[in-house]
Amino acid sequence: MADIIYTKVDEAPELASASFLPIIRSFAKAAGLSIGTKDISLAARILAHFPEYLTDDQKQPDDLAELGEMVKKPDANVIKLPNISASQPQLNAAIKELQGQGYKLPDYPSDPQTDEEKSVKARYDAIKGSAVNPVLREGNSDRRAPKAVKEYAKKNPHRMGEWLPSSKTHVATMGESDFRSNEKSVTVAAASAGTARIEFVGKDGAATVLKGDWPLEEGDVIDGTYLSVRALADFLEEQIAETKEQGILFSLHMKATMMKVSDPIIFGHCVKVFLKDVFAKHAATFAELGVNPDLGIGDLEAKVATLPADKAAEIQADLKAALDNGPAMYMVNSDKGITNLHVSSDVIIDASMPAVIRAGGKGWGPDGKEADTKCVIPDSSYAGVYAAVIDFCRENGALDPAKMGTVPNVGLMAQKAEEYGSHPQTFKAPADGTIRIVDAAGTTLIEHEVEEGDIWRACRTKDAPIRDWVKLGVSRCRLSGMPGVFWLDATRGHDAELIKKVNAYLPEHDTSGLDLKIMAPTEAAKYTTERIARGEDTISITGNVLRDYLTDLYPILEVGTSAKMLSIVPLMNGGGLFETGAGGSAPKHVQQLQEENYLRWDSLGEFCALGASLEHLANVTGNTKAQVLADALDIAIGKLLDNDKSPARKVGGLDNRGSHFYIALYWAEALAAQDQDAELKARFAPVAEALASNETAIVAELNGVQGSPADTGGYYHAPQAKVDAVMRPSATLNGIIG
Ligand SMILES: NC(=O)C1=CN([C@@H]2O[C@H](COP(=O)(O)OP(=O)(O)OC[C@H]3O[C@@H](n4cnc5c(N)ncnc54)[C@H](OP(=O)(O)O)[C@@H]3O)[C@@H](O)[C@H]2O)C=CC1
Ligand SMILES: O=C(O)CCC(=O)C(=O)O
Ligand SMILES: [Mg+2]
C-alpha cells in the first residue's frame, strides 16, 4: 500500500490535482514516500457499479469500497478532497457524458418496472447524493483555521458587504409540524438491542415493513421524526406571498445533496407551490412528460422544450408569467436566467447562507442587482442559528475580519451519525397511517401518525462516536486554551439524549480549568457571535449538521472562504483522514476555466491537509524525513500567504497553477535551508535554485494561457491527458518537477 492515499475527485479540486499532485509526488519521492490514488469521482463510482454493461477494459474497481475498508485500519493515511454529491440532474448528466464516451450504461429508470430496472435504479440511487463522505468518515471532525491563515486574514481583511439596520433580510422557518417539533428520541436499552424494523401501519391496520433489518445496539441514540407536507405547502405559500409584499427576493436554502432523500422532496414542494398555476393548468401534459418537481425548473424547462413548438411556447409563456408575477427570485446566475429553483444542488445551505451574510444580507436578483432576501429554511432545527447571526449583523453592522475571533469546530460525525446518516431510514408516507420503529422484542420505540406524502425519517447516533467526540472536544479545548460550547438543545428530543451522554462522559476527562458549556443552538450562535465580534475565540462542539453549517459559516466570515480550513478526521481506529478545506467542488470555478482558462480554486486546504498527513505519518511510523517535509511545507504555506501568492479571482492574476509553482518554490527553499536532514537539503538545494532562477519564465508560461477557452474534453470524466495539458502549461516547471 502507498504511504499516503490522495483521492481523485471531480470539478475544480480535481483540476487542481492535475497540477499539484505531480509536485507532491516529486517531493515525497525524495523522502522515499509513495503517494497512491483512489478514484472516488462521480464517474468512477458509476462505472464501478455497472460492470456487466462495460467492456473488460472499461471496467473499474470499486475504489470507494476499498477506501471505506482502509479507513478502519490503524495505518490509514488518506488525503480526501471534496467530491460531487450528485443531485439527480447531475447524475443524469454524468451518465449521459459517459454514454457519449462509449460506455454502454443504462439510463436512470425513474419508473422501474422490470427487476433489472429496479436493480439499476437502486444502484444509481446509492451513488447519488452524499455517498462518499459518510463512508470515509470513520472518525469525528476537527476543523479550524490554521494560525497563519487567521493572522493573514486579520492583516489582509477580505471585503465584507455592509449591513444596514434597515436590511429586510431574514430567515423564515416553519417552527411547527416540522422535523424539529415532531422529533422523538430514545437511547436503546439492553432489552431493545437487536434487529429493529420500521413499518407503516395503514388505517386498515395492515402493516408494511419499510425497512426490515435495522441493527440497534445498547447505547445507540435513535430518533424518529417527520415533516408534514400539508403544513409545508401552507408555509411556503404564505412565505411566497409575504416575500412579494415585502418587495425582497425569495430564496430557499436546503442540503438536497447530503440530505438526498428528504431535501429534494422539500425542494420539489417549493417548485410546485411557486409554480402552482402552471402545474394546475398543464397537469395532463406534465404527467405525460414525466415532469417531477423535485428535479427543479431546469428539468421542467428541458422536458417542455421537447414538445411541439406551439405547445412548448404556450407553457414557456405561462412559466415566464408565473416567475414574473411571483416575488423576485434569488438567482444562481441572473445572466443565464438560472433561478434558485432550477436545480436542487445549485443552492446548498452551508455555502449559500454564509455567502448572503458575507454580502451584507444580499442575494442576486433576476435584474442582476443585489437585494435583500427572505431565506426560507423550512425545518426549524438549525434555522435559528442563521437568524441569530443575521440579527446580530443587522443590529451591530458587519463583523470585522481584521478584529474578529475564531470559531473552530469539533463535530460529531463518525459512523453516519445523526441526520446525515438517515437516508436509508427516510420514507415518504405511502398513505395516511402510522410509522413506527419496533425493536427486536416487538416493542414500539417511537411512532408517529402521518398523512400521505409526509417525510418521515429515523436517525441513529452510535455510542462510541459520541464518547470519542466528547473526548475530542475536551482535548481541543485543553490544547487551544479556548472555551468550548456544546450546541445542544435540552428541549429537543435527540439533543436531550445527547446531553445525558455528555454529562456522563465528561467526568472521564480532566476538565479542571476548562470553560465548557451546553447551550441551545440559537443561544450558542448569539453567544459565540458576540464573542467573535469582541475578538474572542470559542470552540463549537456540535452534532453533524451544525458541524457542516458552522465550518462554512464562521470561516467564510472570518477568512473569506472555508477553503483555507484545516480539516482533520482522527479516525477512531488510529488512522488519519485529512480533508482539504471545508468547502465543496466549486462548479463555478470549472465554468471559469472552460470559458477563460483561469482556475481560481485555492489549494490552501490541500496544502494544510498534506502537511497534517505528513506529520501524522512521521508520528506513526517514525519517518523523520516525513516530519522534515511537513515542517518545511508549514514554512512554505506561511510564506505563500505573506507574499500573497494565493490565486486571485480574475484573469490577469496568479491562478491555481501559479500558486502551485510558488508553494513548490517555497517548499524547496525551506528544505534547502533546514539542517535536520542533510540528504533532503542536498537534494532540494538545486531544485530551489532552478525554480527561483526560472521564476519569471515559469510565471509567464503559466499566466500566458489565460484569457481564451480551455478544453478538458469532459466535465465528469475528462481524459487525464487533456486535463494535464490544460493544467500543466509550463514546460520549464514540468521539467524541473519531473
Ligand atoms: N467535502 C466534500 O466532499 C464536499 C462536497 N461538496 C459538493 O461540492 C459541490 C458544490 O457545492 P457548493 O455548495 O456549491 O459549495 P462549494 O464550496 O463547492 O462552492 C461554494 C463557493 O465557495 C467558494 N469556494 C469553495 N472552495 C473554494 C476553494 N478551494 N477556493 C476558492 N473558493 C472556494 C467559491 O466561491 P467564490 O469563489 O465565489 O468565493 C465557491 O463557488 C456539490 O456537489 C457538493 O455536494 C460540498 C461541500 C463539501
Ligand atoms: O458530503 C457532502 O455532500 C458535503 C459535505 C460537506 O459539506 C461538509 O462536510 O462540510
Ligand atoms: Mg459543508
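Remember, it's a predicted structure, so these values are computed and weren't measured experimentally. When a ligand or atom number is given, it counts from 1 through the structure's own listing order.
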Pick one of side chain, backbone, both or neither for how [X] approaches ligand 2, counting any non-hydrogen atom pair under 4.0 Å.
X	answer
I348	neither
R547	side chain
M413	neither
P134	neither

Step by step, would you call D142 with R144 a salt bridge (Lys or Arg N to Asp or Glu O under 4.0 Å)?
CA-CA 7 Å; D142 166 14; R144 51 198 139 100; 2.8 Å; yes
Any N/O of [X] closer than 3.5 Å to an N/O of ligand 1?
X	result
R600	yes
D602	yes
A563	no
N133	yes
E11	no

The atoms of ligand 1 lying under 4.0 Å from a heavy atom of K588, numbered in the order shown, are 38 (O), 41 (O)
In ligand 1, the atoms that come under 4.0 Å of a heavy atom of P587 are 10 (C)
Mark up the atoms of ligand 2 that fall under 4.0 Å of a heavy atom belonging to [X], in ascending order.
X	answer
M258	1 (O), 2 (C), 3 (O), 4 (C), 5 (C)
R137	8 (C), 9 (O)
K255	4 (C), 6 (C), 7 (O)
D350	7 (O)
A582	10 (O)

Protein heavy atom at shortest distance from [atom]:
atom	value
atom 3 (O) of ligand 2	S85 OG, 2.5 Å
atom 5 (C) of ligand 2	N133 ND2, 3.5 Å
atom 39 (O) of ligand 1	R649 NH1, 3.2 Å
atom 44 (C) of ligand 1	I348 CD1, 3.9 Å
atom 43 (O) of ligand 1	S85 N, 3.2 Å
atom 10 (O) of ligand 2	D548 OD1, 2.8 Å
atom 7 (C) of ligand 1	N83 O, 3.4 Å
atom 16 (P) of ligand 1	G584 N, 3.5 Å

Checking side-chain polar atoms at under 3.5 Å, does [X] have a donor or acceptor matched by the opposite partner on [Y]?
X	Y	answer
D548	Y420	yes
S613	N77	yes
R143	S567	yes
E418	H494	yes
N409	R476	no

| request: Could you establish whether K260 and ligand 2 come within less than 4.0 Å of each other, counting only heavy atoms on the residue side? | output: no
Below 4.0 Å from ligand 2: does a non-hydrogen atom of R143 turn up there or not? yes
- [ ] Side-chain contact test, heavy atoms from C-beta onward, threshold under 4.5 Å: evaluate it for L593 versus T712 and give yes or no.
- [x] yes
Note to self: Do I348 and M254 make a side-chain contact, defined as non-hydrogen atoms from C-beta onward lying under 4.5 Å apart?
What the structure shows: no
Item to complete: Decide ring-ring contact (aromatic ring centres under 6.0 Å, His included) for Y152 and H158; before the verdict, give the C-alpha distance in whole Å, the side-chain angles of both, and the deciding distance to 0.1 Å.
Response: CA-CA 10 Å; Y152 171 84; H158 58 275; over 10 Å; no
- request: Determine, for K255 against E419, whether the closest basic-nitrogen to carboxylate-oxygen distance falls under 4.0 angstrom.
  value: no
Centres of the F267 and H253 rings: under 6.0 Å?
-> no
Aromatic contact between F486 and W469, with the criterion being ring centroids under 6.0 Å apart: yes or no? yes
(message) Using 2.8 Å as the threshold, say whether any N, O or S atom from D552 sits that close to the Mg ion (ligand 3).
(response) no
Within the 4.0 Å heavy-atom cut-off, what A351 brings close to ligand 1 is side chain
If the plane angle is over 60° it's perpendicular, under 30° parallel, otherwise tilted; pick one for Y108 and Y124. tilted
